[in-house]
Amino acid sequence: MTSEQQRVVVIGGGLAGLRLAARLGAGTGADTGTRVTVLGEERHAPYNRVLLAEVLAGRYAPEVTALPDPGPVLRRGVRAVRIDRTDRTVHCDDGSAERYDALVLATGSNAVLPPLRGLFEPRGRELPDGVHAFRTMDDCLALSAAVAVRSGVRAVVIGGGLLGVSAARALAERGAQVVLAQQGERLMERQLDADASALLHAHLTALGIEIHTRCRVRGLTTTRGPAGGRRVDGAEFADGYRLDAEVVVLACGVRPRTGLALAAGLAVRTGIVVDDRLRTSDPLVHAIGDCAEHAGRVYGLAGPALDQADALARQLSGATAPGYTGTRALTRLTLTTPAASTATGTGTSGTATATATSDTATLDLAAFGETTALPGDDVVRLADATRRTYRKVVVRGDRLVGGVLLGELSTVGALARSWQDAETLTDLSHLLTDDGGS
């Protein structure tokens with residue numbers, strides 16, 4: 001290593017961290033003037049988290065989700081345990097230490113474990129057998145093994161957001177008897193309005209999924225095995241109703257991983273606070289991806305993580321470039337028939353795509369921006385009960401600020417471009433109809 005080389009240490013071997021390493025030339029063999037080291041806590045080969053639902057559904061093998069391997073710059077199975085900002089050193093759980101000129105926190109997020117009665121024993125942090133988060137490849141493989149035992153395993157999914165819906169349909173495709181419990185009044189309430197959510201509810205019901213909204217799970221019941229371990233056998237609702245359960249999936253959202261940053265004395269609110277140059281309160285330390293909070297917002301989506309990695313790579317490379325100003329991300333979900341084509345998933349536009357099977361017609365869904373109108377906004381809806389399609393857009397002044405589309409997405413490309421570019425609307429009817437392009 002020459003004295004001129006910049007040492008960049010990235011904590012986190014997920015989508016954001018590996019994208020940054022690639023943009024800095026790691027693994028190419030080229031002399032870029034930057035020496036990159038990525039610390040990846042998971043021992044698995046790098047994978048695309050967006051596609052975990054496809055692995056759970058049995059549609060994809062785990063290796064299909066693989067991200068490009070950056071080679072020896074990625075230290076797999078190594079966890080950073082402490083940051084010494086004075087010495088510019090990251091200390092790891094294997095006793096090693098990595099010195100840095102620039103440090104990047106791409107630590108991602110953890111699944112939220114709700115305060116359920118019976119989830120943990122006093123002073124314990126071990127989940128009962130049969131209870132799973134749905135965040136990592138290990139989570140996914142453990143769930144797959146649990147439902148592979150036999151057809152008809154009774155599964156309760158707690159949480160009716162995008163993650164819970166994706167997990168529920170994947171389990172149903174594997175032959176499980178699925179109950180989806182959502183505390184809010186409708187499914188995917190962060191992305192969908194009431195009409196769109198009702199259509200999604202009907203489609204999931206047609207898949208055989210039993211759905212309970214406005215329903216809070218109060219606790220879990222467990223039994224003791226011969227070796228003394230606990231196994232889940234039921235879920236109790238706040239109204240006293242109890243469901244038998246052999247598998248429980250906790251899909252209650254995610255929380256940014258900020259522990260290292262807090263211990264190092266960096267500014268943290270919901271996430272690790274960064275400016276437009278993606279710098280934390282220490283200018284030598286940056287944060288990107290699910291752990292980062294920019295302009296008061298934590299995205300938790302693939303598209304913004306990639307945008308942030310690209311923007312930071314330009315900054316660290318010394319390029320004259322504008323700072324990161326935010327990302328407008330699209331959420332997308334696809335539920336298809338048994339004989340339909342395979343699903344796709346990508347993070348390049350902030351899109352999370354999942355696929356389910358049923359005896360019903362395909363249901364495509366996309367949501368972007370502000371789907372709930374404010375006073376003074378104009379709302380345009382087009383619904384076709386025969387074709388089971390629904391389109392709604394929210395217009396503020398002469399700008400498109402959000403929309404929801406179900407059943408037919410031929411116009412989503414044109415609408416998303418108009419929204420992302422904040423274009424002045426001249427012909428909204430053209431964008432809403434099939435000839436608006438895709």
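Please read all numbers here as calculations on a predicted model, not as lab measurements.
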Heavy-atom side-chain proximity of Thr372 to Asp193 below 4.5 angstrom: no
Sub-4.5 Å side-chain heavy-atom contact between Arg399 and Val395: no
Beyond-backbone contact of Asp310 with Arg23, side-chain heavy atoms, under 4.5 angstrom: yes
Closest heavy-atom pair and its distance - Val153, Ala146: CG2-O, 4.0 Å
Shortest non-hydrogen contact from Val8 toward Leu316: CG1-CD1, 4.2 Å
Nearest-0.5 Å distance, OG of residue Ser418 to CG of residue Leu400: 5.0 Å
Side-chain (Asp139) to main-chain (Thr136) donor-acceptor, under 3.5 angstrom: yes
Nearest-0.5 Å distance that lies between atom CG in Leu24 and atom CZ in Arg314: 11.5 Å
Over all atoms of both residues, closest heavy-atom pair of Phe134 and Ala167: CD2-CB, 3.7 Å
Residues Glu42 and Tyr47: side-chain donor-acceptor under 3.5 angstrom: yes
Nearest atoms (heavy-atom pairs only) where Leu105 meets Ile11: CD2-CD1, 3.7 Å
Side-chain donor/acceptor of Tyr299 to backbone N/O of Thr327, under 3.5 Å: yes
Spacing of Ile288 atom CD1 and Leu306 atom CG [to the nearest 0.5 Å]: 9.0 Å
Residues that Arg82 engages under side chain to side chain donor-acceptor pair (under 3.5 Å), provided they are two or more places apart: His91
Under 3.5 Å: donor-acceptor pair, side chain of Ser197, backbone of Leu187: yes
Close side-chain approach of Arg174 and Leu171, heavy atoms under 4.5 Å: no
Donor-acceptor contact below 3.5 Å, side chain Ser281 vs main chain Ala267: yes
Pair Asp282, Thr280: side-chain N/O donor-acceptor within cut-off below 3.5 Å: no
Ion pair Arg417/Asp421, N-O distance below 4.0 Å: no
Whether over 12 other heavy atoms sit under 6.0 Å from Arg255 CZ: no
Derivation and outcome, side-chain contact (heavy atoms from CB on, under 4.5 Å), residues Leu39 and Val10: CA-CA 6 Å; Leu39 304 176; Val10 182; over 6 Å; no
Atom CZ of Arg190 with >12 non-hydrogen neighbours under 6.0 angstrom: no
Backbone of Ala196 reached by a side-chain donor or acceptor of Arg186 within 3.5 Å: no
Ring geometry between His294 and Tyr324 (parallel below 30°, tilted from 30 to 60°, perpendicular above 60°): perpendicular
Residue pair Gln182, His212: steps toward the side-chain contact (heavy atoms from CB on, under 4.5 Å) verdict: CA-CA 6 Å; Gln182 162 70 332; His212 297 262; over 6 Å; no
Closest non-hydrogen atom pair between Ala292 and Val274, with its separation: CB-CG2, 4.4 Å
Interatomic spacing from CG in Asp129 to OG1 in Thr223 - rounded to 0.5 Å: 9.0 Å
Expected output: side-chain Gln308 to main-chain Gly289 donor-acceptor under 3.5 Å: yes
Gap between atom CG of Leu116 and atom CG of Leu127 - 0.5 Å precision: 10.0 Å
Cationic N near anionic O, under 4.0 Å, Glu98 to Arg75: yes
Heavy atoms of other groups near Arg150 CZ, more than 12 under 6.0 Å: yes
Whether Tyr60 side chain and Thr65 backbone form a donor-acceptor pair below 3.5 Å: no
pair Phe368-Arg328: side-chain heavy atoms closer than 4.5 Å: no
Test item: Leu163 and Met188 side chains (from C-beta on) under 4.5 Å apart, heavy atoms: no
Lys/Arg-Asp/Glu bridge criterion (N-O < 4.0 Å) met for Arg242, Asp244: yes
Rounded distance (nearest 0.5 Å) linking atom CG of Leu192 with atom OG1 of Thr331: 9.0 Å
Test: Arg125 cationic atom under 6.0 Å from Phe120 six-membered ring centre, within 45° of axis: yes
Heavy-atom side-chain contact between Asp233 and Arg231 under 4.5 Å: no
Derivation and outcome, side-chain contact (heavy atoms from CB on, under 4.5 Å), residues Arg43 and Arg76: CA-CA 5 Å; Arg43 295 189 178 277; Arg76 285 161 55 177; 5.6 Å; no
Side chain to side chain, Leu260 and Val81, heavy atoms closer than 4.5 Å: no
Side-chain donor-acceptor contact under 3.5 Å, Arg277 with Gln315: yes
Derivation of the side-chain contact (heavy atoms from CB on, under 4.5 Å) call for Tyr100 and Arg85: CA-CA 9 Å; Tyr100 66 84; Arg85 291 164 51 202; 4.0 Å; yes
Asp84 and Thr89: side chain donor to acceptor below 3.5 Å: no
Backbone N/O of Thr371 and side chain of Lys392: donor-acceptor pair under 3.5 Å: yes
His286: partners by ring-ring contact (aromatic ring centres under 6.0 Å, His included), with sequence neighbours left out: none
Chi angles and distances behind the salt bridge (charged side-chain N to carboxylate O under 4.0 Å, His left out) call for Arg396, Glu370: CA-CA 10 Å; Arg396 187 168 301 151; Glu370 301 176 45; 2.9 Å; yes
Main-chain N/O of Pro256 paired with Asp290 side-chain donor or acceptor, under 3.5 Å: no
Enclosure of Glu423 CD (heavy-atom neighbours >12, cutoff 6.0 Å): yes
Distance-only side-chain donor-acceptor flag, Arg135 / Ser109, under 3.5 Å: yes
Which atom of Pro46 lies closest to which atom of Pro70, heavy atoms considered: CG-CD, 4.5 Å
Thr107 (side chain) donor-acceptor with Arg257 (main chain) under 3.5 angstrom: yes
